[in-house]
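Computed over heavy atoms, backbone and side chain alike; hydrogens, waters and symmetry mates excluded. We number each residue from 1, following the sequence as shown.
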Amino acid sequence: MEKYIIALKDYCKRNPPNHGDAQSVMNLLYWTYTEYNPIDDQKIKDCFARLRNHFPELDLTQFDPIFFTVSDLCAEHERLAFMEGLRLGVTLMQELTEK
C-alpha cells in the first residue's frame with residue numbers, strides 16, 4: 001500500500017491539480033459538494049421566515065443586510081464543518097494505516 005501512496009504523491013508533485021477558483025483541493029471538494037447538495041430545505045426556509053418575523057418594522061431592502069449576514073454566517077459554518085469532516089477522515093485513515 002505504501003508503494004502506491006508514494007507513487008501517487010510523486011505523480012501529484014509532477015502534475016499539480018488545477019483547482020480553478022478554489023484555493024485548495026479541500027475547497028474544491030466543498031464547492032462541488034454544495035453545488036450538488038443545496039441546503040435550502042424547508043426547515044431552513046422556515047427558520048429564515050422566523051428570522052424575518054423578528055423584524056416586522058423593516059421593509060425588505062432594510063432586512064436584506066440582516067438576511068445576507070445570517071446567510072454568510074451559516075455558509076461559513078457549513079464550510080468549516082465540511083473541512084473538519086475531511087480532516088477527521090484523513091486522520092482516521094492515517095491512524096488505521098499506521099503500523
Side-chain angles (χ1 to χ4, degrees):
M1 181 73 162
E2 192 169 332
K3 175 176 91 171
Y4 297 111
I5 292 171
I6 291 170
L8 185 57
K9 284 181 180 180
D10 288 342
Y11 175 82
C12 288
K13 283 180 186 175
R14 289 189 315 274
N15 303 288
N18 178 358
H19 303 129
D21 292 337
Q23 295 84 18
S24 67
V25 173
M26 285 177 60
N27 267 329
L28 181 62
L29 287 172
Y30 168 71
W31 289 112
T32 302
Y33 172 81
T34 59
E35 192 167 311
Y36 289 99
N37 298 283
I39 59 167
D40 58 346
D41 66 5
Q42 190 57 48
K43 185 173 182 177
I44 290 174
K45 291 175 185 176
D46 293 344
C47 288
F48 275 116
R50 282 197 342 254
L51 177 66
R52 177 69 181 110
N53 290 335
H54 286 293
F55 300 94
E57 71 281 359
L58 301 179
D59 65 32
L60 288 179
T61 58
Q62 294 169 314
F63 180 71
D64 277 350
I66 296 168
F67 176 82
F68 293 138
T69 300
V70 170
S71 294
D72 289 346
L73 287 168
C74 292
E76 181 61 10
H77 182 269
E78 178 195 40
R79 187 186 71 80
L80 291 173
F82 183 89
M83 300 293 192
E84 192 56 31
L86 287 176
R87 282 188 202 97
L88 182 63
V90 168
T91 302
L92 175 62
M93 287 306 299
Q94 287 172 337
E95 288 177 7
L96 291 174
T97 58
E98 284 179 353
K99 294 180 181 182

For this session: Find the distance between CZ (Phe48) and CZ (Phe63) and round it off to the nearest 0.5 Å.
Result: 8.0 Å
Show me the side-chain donor-acceptor pairs of residues 83-93 shorter than 3.5 Å, one per line, residues at least two apart or across chains.
unit_1, atom_1, unit_2, atom_2, d
Glu84, OE1, Arg87, NH1, 3.2
Thr91, OG1, Arg87, O, 2.9

Exercise. Considering residues at least two apart in sequence or located in another chain, which fulfil the ring-ring contact (aromatic ring centres under 6.0 Å, His included) criterion with Tyr30?
Worked result: Phe82
Exercise. Honestly curious: do Leu58 and Phe68 fall in one hydrophobic cluster under the side-chain, below-4.5 Å linking rule?
Worked result: yes
Problem set entry | Common cluster, Leu80/Leu28, ILVMFWY with side-chain heavy-atom separation under 4.5 Å | no
Exercise. Just by modelled atom types, is the Leu73 backbone N or O under 3.5 Å from a matching donor or acceptor in the Glu76 side chain?
Worked result: no
For this session: Would you mind listing every side chain to side chain donor-acceptor pair (under 3.5 Å) that reaches into residues 46-57, with sequence neighbours excluded?
Result: Gln42-Asp46
Problem set entry | Close side-chain approach of Arg79 and Asn27, heavy atoms under 4.5 Å | yes
Exercise. Are the side chains of Ile44 and Asp41 in touch, meaning some heavy atoms are under 4.5 Å apart?
Worked result: yes
